[in-house]
Amino acid sequence: MTASTSPPPGWSCVVGYDDDQPVGYAYGAPLPPGSRWWRGLLTDVPADVTAETGTRTYALFELMAREPWRKTGVARQLHSALLATRREEGAALLVGQDHPKVHALYQSWGWTTLGDLRPRLPDAPLFHAMRLGLPPGAVEIGA
């Protein structure tokens, strides 16, 4: 059996290199109209914050820096490079509540916490739902 999937529309990815060594990556995609991304939000927020149009919110799915390059600014550079060309109003991500240092790092980059979110799956962990306002000019590459 073979399975094939294609990335969602608007999917983008950046990969960082130090000479020929990959140092990390970041990727995401715009939330589609009527997205269920916000299902499981346990905090009351205005409806317009979670109403997706397909062009309103870019979801940051993953950001990773390899061990030798952690705590060197590489993660921030990957983050900035990924978001610098986005045209959505804002970005969203989920941070596990068992990762307070990661949560604090995103806050230091300008992300705000909308509230708690628990995906509607059995035994799902609790997340911080976070949002970052864009325009692309608000994100500095290399900051």
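- Atoms CZ and CG, on R39 and L121 in that order, are 9.0 Å from each other to the nearest 0.5 Å.
- Contact annotation: the side chain of T53 never approaches that of E88 to less than 4.5 Å [non-hydrogen atoms, C-beta and beyond].
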Exercise. Could you give me the CA-CA distance, side-chain angles and deciding distance for L83 and Y58, then say whether side-chain contact (heavy atoms from CB on, under 4.5 Å) is met?
Key: CA-CA 9 Å; L83 297 179; Y58 182 81; 3.7 Å; yes
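- A donor-acceptor contact closer than 3.5 angstrom is absent between the side chains of W111 and H128.
- By the side chain to side chain contact (heavy atoms under 4.5 Å, CB included) test, F127 is found to be paired with L94, P119, P125, residues two or more places apart in sequence or in another chain being considered.
- Residues V15 and C13 meet the side-chain proximity criterion, which asks for heavy atoms closer than 4.5 Å.
- Atom CG of L114 and atom CE of M130 lie 8.5 Å apart (nearest 0.5 Å).
- Contact check for Q97 versus D116: side-chain heavy atoms found under the 4.5 Å cut-off.
- A salt bridge (Lys or Arg N to Asp or Glu O under 4.0 Å) check over residues 41-56, counting only residues at least two apart or in different chains, returns the pairs E52-R56.
- In this structure, T72 has no side chain to side chain donor-acceptor pair (under 3.5 Å) partners at least two apart in sequence or on a different chain.
- Crowding of R36 atom CZ: a count of heavy atoms from other residues, nucleotides or ligands under 6.0 Å not exceeding 12.
- Across all their heavy atoms, G115 and T43 have their closest contact at CA-OG1, 3.2 Å.
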Quiz prompt | side-chain contact (heavy atoms from CB on, under 4.5 Å) evaluation trace for Y106 with L63 | solution = CA-CA 11 Å; Y106 280 115; L63 170 63; 3.4 Å; yes
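- A donor-acceptor pair shorter than 3.5 Å cannot be found between the side chains of T113 and R131.
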Practice problem: Could you give me the CA-CA distance, side-chain angles and deciding distance for L134 and E89, then say whether side-chain contact (heavy atoms from CB on, under 4.5 Å) is met? | Solution: CA-CA 5 Å; L134 297 176; E89 295 172 28; over 6 Å; no
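- Within the 4.5 Å cutoff, the side chain of L126 has heavy atoms near those of the L42 side chain.
- R66 places a side-chain N or O within donor-acceptor distance of the main-chain N or O of P22, the cut-off being under 3.5 Å.
- Between S12 and L82 there is a side-chain heavy-atom pair separated by less than 4.5 Å.
- With S35 contributing its side chain and L31 its backbone, the two residues share no donor-acceptor pair below 3.5 Å.
- Here H103 contributes atom NE2 and S108 contributes atom OG; the two are 11.0 Å apart, rounded to the nearest 0.5 Å.
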Exercise. Show your reasoning for whether side-chain contact (heavy atoms from CB on, under 4.5 Å) applies to D18 and W69.
Key: CA-CA 9 Å; D18 183 358; W69 292 275; 3.0 Å; yes
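- Note on ring orientation: taking the six-membered ring where Trp is involved, the planes of Y27 and Y25 are parallel (angle under 30°, cut-offs 30° and 60°).
- Once rounded to the nearest 0.5 Å, the distance linking NE2 of H99 with CG of L105 reads 13.0 Å.
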